[in-house]
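Reviewing the structure listed below.
Count residues from 1 along the sequence.
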Amino acid sequence: MKKIKLGQSDLNVSEIALGCMRMDKLSLEDAAKVIQTSYNEGINFYDHADIYGKGESEKRFSQALKKTSIKREDILLQSKAGIRSGFYDFSKNHIIESVEKILDRLDTEYLDVFLLHRPDALVEPEEVAEAFDILHSSGKVKHFGVSNHSPLQVELLKKYVKQDLIANQLQLGVMHTGMIDAGVHVNTKNENSIDHDRAILDYSRVHNMTVQPWSPVHSEKGVFLNNPEYQEVNDKLTEVGERYGLDNEAMSIAWLLRHPAEMQVILGTMTPERIKNYSKASGVSITREEWYSIYRAAGNTVP
């Protein structure tokens, strides 16, 4: 598994991470198998959030980890907070309390990375900065970042926050390419030139923030892989993948990893065999022509 630097930090992370949102649905034994399988494939980074399974996913992970041969110091743990029932909350008290509860559920003394989960319209960045200072100085959080934030929302936080914001978790995949489309269609009247993401991909590259694509194999109609409603893109993924010994599932991840932004893809699968298969994408570098052929097969145009 290829390793990359996460943002401007000293963390060497696997370019494929395991998202643990659905881990609460697994038995303890199955959860342990998922964790051990991913680790054996070279994945050393595990993504959580306090709302995943209403906290049960973090509990199941910590319980299952104890049934593996993996030590806490051998892996990197990331979690997120800020989403509450019907509203968002980046207040100082909520951030600190959320991290305390996350640490308890994960049965760990620290998080390697903590992200603010979706923007809070009522954010008071001074409070966020105070919370981050307390968590950082106490050793409870090593690094910080955001999720689903725009460039100016990040800049507002950076005006007050002392620590580097090293990652931004954003939805991106073969069938969800808005942040790429707007760049391709600059200076056109094509509807794809509408920038819903405020040039977040270019911003992230300029400021050395690692983009963490979530739901990389989803579309508006669910998973697009092997879905007959997305036959053209599946055929193209298979065609290109055959040249590299990958099936269409693994090629969908290789397509993301080909981007020079050096993203860290968050896998959401809880199936060991799929984890093994997706992991084959690491280190594969397709050509520009192949990358664009998949982009076009997904229904995108090139002006």
- Message: Please say yes or no: joined through hydrophobic side-chain contacts below 4.5 Å, possibly via intermediate residues, are Val265 and Ile294 part of one cluster?
- Response: yes

- Looking at Glu130 and Lys92, does any basic side-chain N land under 4.0 Å from a carboxylate oxygen? yes

- For the atom pair CD1 (Ile83) and OG (Ser85), what is the distance rounded to the nearest 0.5 Å? 11.5 Å

- Message: Using a 3.5 Å distance criterion without hydrogens, assess whether the side chain of Ser193 forms a donor-acceptor pair with backbone atoms of Lys189.
- Response: no

- Decide if atom NZ of Lys101 counts as having more than 12 heavy atoms of other residues, nucleotides or ligands within a radius under 6.0 Å. no

- Item | Lys66 atom NZ, neighbour heavy-atom count above 12 within 6.0 Å | yes

- Item | More than 12 heavy atoms from other groups under 6.0 Å of NZ on Lys3 | yes

- Task: Give a yes or no answer on whether the side chain of Trp214 reaches the backbone of Leu172 with a donor-acceptor pair at less than 3.5 Å.
- Result: no

- Write down the atom of His185, the atom of Pro303, and the distance for their closest heavy-atom approach. CE1-CD, 3.5 Å

- Item | Minimal non-hydrogen separation, Ser38 against Tyr46, with atom names | OG-OH, 2.8 Å

- Side-chain heavy atoms of Leu115 within contact of Val146, under 4.5 Å: no

- For the pair Arg72 and Asp107, find out whether any cationic side-chain nitrogen is under 4.0 Å from an anionic carboxylate oxygen. no

- Task: Give the minimum heavy-atom separation between Ser98 and Ala81, together with the two atoms involved.
- Result: CB-CB, 3.6 Å

- Message: Just verifying a value: how many Å separate Gln231 CD and Asn226 CG, rounded to the nearest 0.5 Å?
- Response: 9.0 Å

- Message: Does the plane of the ring in Tyr203 sit parallel, tilted or perpendicular to the ring in His207? Use 30° and 60° as the thresholds.
- Response: tilted

- Minimum heavy-atom distance between Arg198 and Pro151, given as atom pair plus value: O-CG, 3.0 Å

- Kindly indicate, with the supporting measurements, whether the criterion side-chain hydrogen bond (donor to acceptor under 3.5 Å, both in side chains) is fulfilled by Asp235 and Tyr230. CA-CA 9 Å; Asp235 288 346; Tyr230 298 96; over 6 Å; no

- Item | Common cluster, Met21/Leu116, ILVMFWY with side-chain heavy-atom separation under 4.5 Å | no

- Identify whether the distance between the nearest side-chain nitrogen and carboxylate oxygen of Arg105 and Glu58 falls below 4.0 Å. yes

- Please work out whether the ring planes of Phe144 and Phe114 are parallel, tilted or perpendicular, with thresholds of 30° and 60°. perpendicular

- Query: Between Gln264 and Glu15, does any side-chain donor sit less than 3.5 Å from a side-chain acceptor?
  - Reply: no

- Query: Using 4.0 Å as the upper bound for N to carboxylate O, is an ion pair formed by Glu29 and Lys67?
  - Reply: no

- Roughly how far apart are His259 NE2 and Leu257 CG, rounded to 0.5 Å? 11.5 Å

- Query: Linking I/L/V/M/F/W/Y whenever their side-chain heavy atoms sit closer than 4.5 Å, directly or via other members, would Ile166 and Ile75 fall into one cluster?
  - Reply: no

- Test item: side-chain donor near acceptor, Gln36 and Ser69, under 3.5 Å: yes

- Query: Any salt bridge between Asp133 and Lys162, counting N to O under 4.0 Å?
  - Reply: yes

- Task: Examine the side chains of Ser91 and Asp89 and answer whether a donor and an acceptor come within less than 3.5 Å of each other.
- Result: yes

- Value for OG1 (Thr210) from CZ (Arg205), rounded to nearest 0.5 Å, stands at 12.0 Å

- Message: Is there a path of hydrophobic side-chain contacts, each under 4.5 Å between heavy atoms, that joins Leu201 and Val154?
- Response: yes

- Query: Quick one: do Asp24 and Lys59 make a salt bridge, cutoff under 4.0 Å?
  - Reply: no

- Residue pair Asn227 / Asn234, side-chain donor-acceptor N/O under 3.5 Å: no

- Item | Within 6.0 angstrom of Lys5 NZ, more than 12 heavy atoms from elsewhere | yes

- Given the rule in the salt bridge (charged side-chain N to carboxylate O under 4.0 Å, His left out) test, do Asp112 and Lys142 qualify, once you have shown the distances and angles that lead to the verdict? CA-CA 5 Å; Asp112 295 283; Lys142 305 296 185 182; over 6 Å; no

- Can you find a side-chain donor-acceptor pair between Thr68 and Tyr39 that sits under 3.5 Å? no

- Note on the structure: Correct closest heavy-atom pair for Val128 and Phe90 would be CG2-O, 3.6 Å

- Could you walk me through whether Lys140 and Glu109 pass the salt bridge (charged side-chain N to carboxylate O under 4.0 Å, His left out) test, one step at a time? CA-CA 6 Å; Lys140 293 178 180 178; Glu109 295 181 353; over 6 Å; no

- Item | Asp247 and Tyr278 side chains, donor-acceptor separation under 3.5 Å | no

- Check: Lys80 side chain, Asp50 main-chain N or O, donor-acceptor pair, under 3.5 Å: no

- Minimum-distance pair of heavy atoms, taken over all atoms of Ala281 and Ala254: CB-N, 3.5 Å

- Donor-acceptor pair between Asn300 and Asn192 side chains, under 3.5 angstrom: no

- Message: Side chains of Ser14 and Asn44: any donor to acceptor distance under 3.5 Å?
- Response: yes

- Query: For Leu6, does its backbone N or O pair with a side-chain atom of Ser9 as donor and acceptor, under 3.5 Å?
  - Reply: yes

- Hey, would you say the Phe224 and His218 ring centroids sit under 6.0 Å apart? no

- Message: Would you compute the distance between atom CG of Leu77 and atom OG1 of Thr108 and round it to the nearest 0.5 angstrom?
- Response: 6.0 Å

- Min side-chain heavy-atom separation Leu165-Phe132 under 4.5 Å: yes

- Please test Ser293 against Val240 for side chain to side chain contact (heavy atoms under 4.5 Å, CB included), starting from the C-alpha separation and ending with a verdict. CA-CA 9 Å; Ser293 72; Val240 176; 4.1 Å; yes

- Query: Rounded to the nearest 0.5 Å, what separation is found between the CZ atom of Arg243 and the OG1 atom of Thr238?
  - Reply: 11.5 Å

- SB check Glu249 Arg274 (cutoff 4.0 Å): yes

- Would you call Arg258 and Glu290 a salt bridge, using N to O less than 4.0 angstrom? no

- Query: Just wondering, more than 12 heavy atoms not from Asn187 lying within 6.0 Å of its CG?
  - Reply: no

- Query: Taking the side chain from Asp195 and the backbone from Met179, do they hold a donor-acceptor pair closer than 3.5 Å?
  - Reply: no

- Using distance alone, with no hydrogens and no angle criterion, decide if Tyr52 and Ser79 have a side-chain donor and acceptor under 3.5 Å apart. no

- Any side-chain donor paired with an acceptor under 3.5 Å for Asn148 and Gln171? no

- Query: Same hydrophobic cluster for Met263 and Val217, using side-chain heavy-atom links shorter than 4.5 Å among ILVMFWY?
  - Reply: yes

- Task: Determine whether the side chains of Gln78 and Asp47 contain a donor N or O and an acceptor N or O closer than 3.5 Å.
- Result: yes

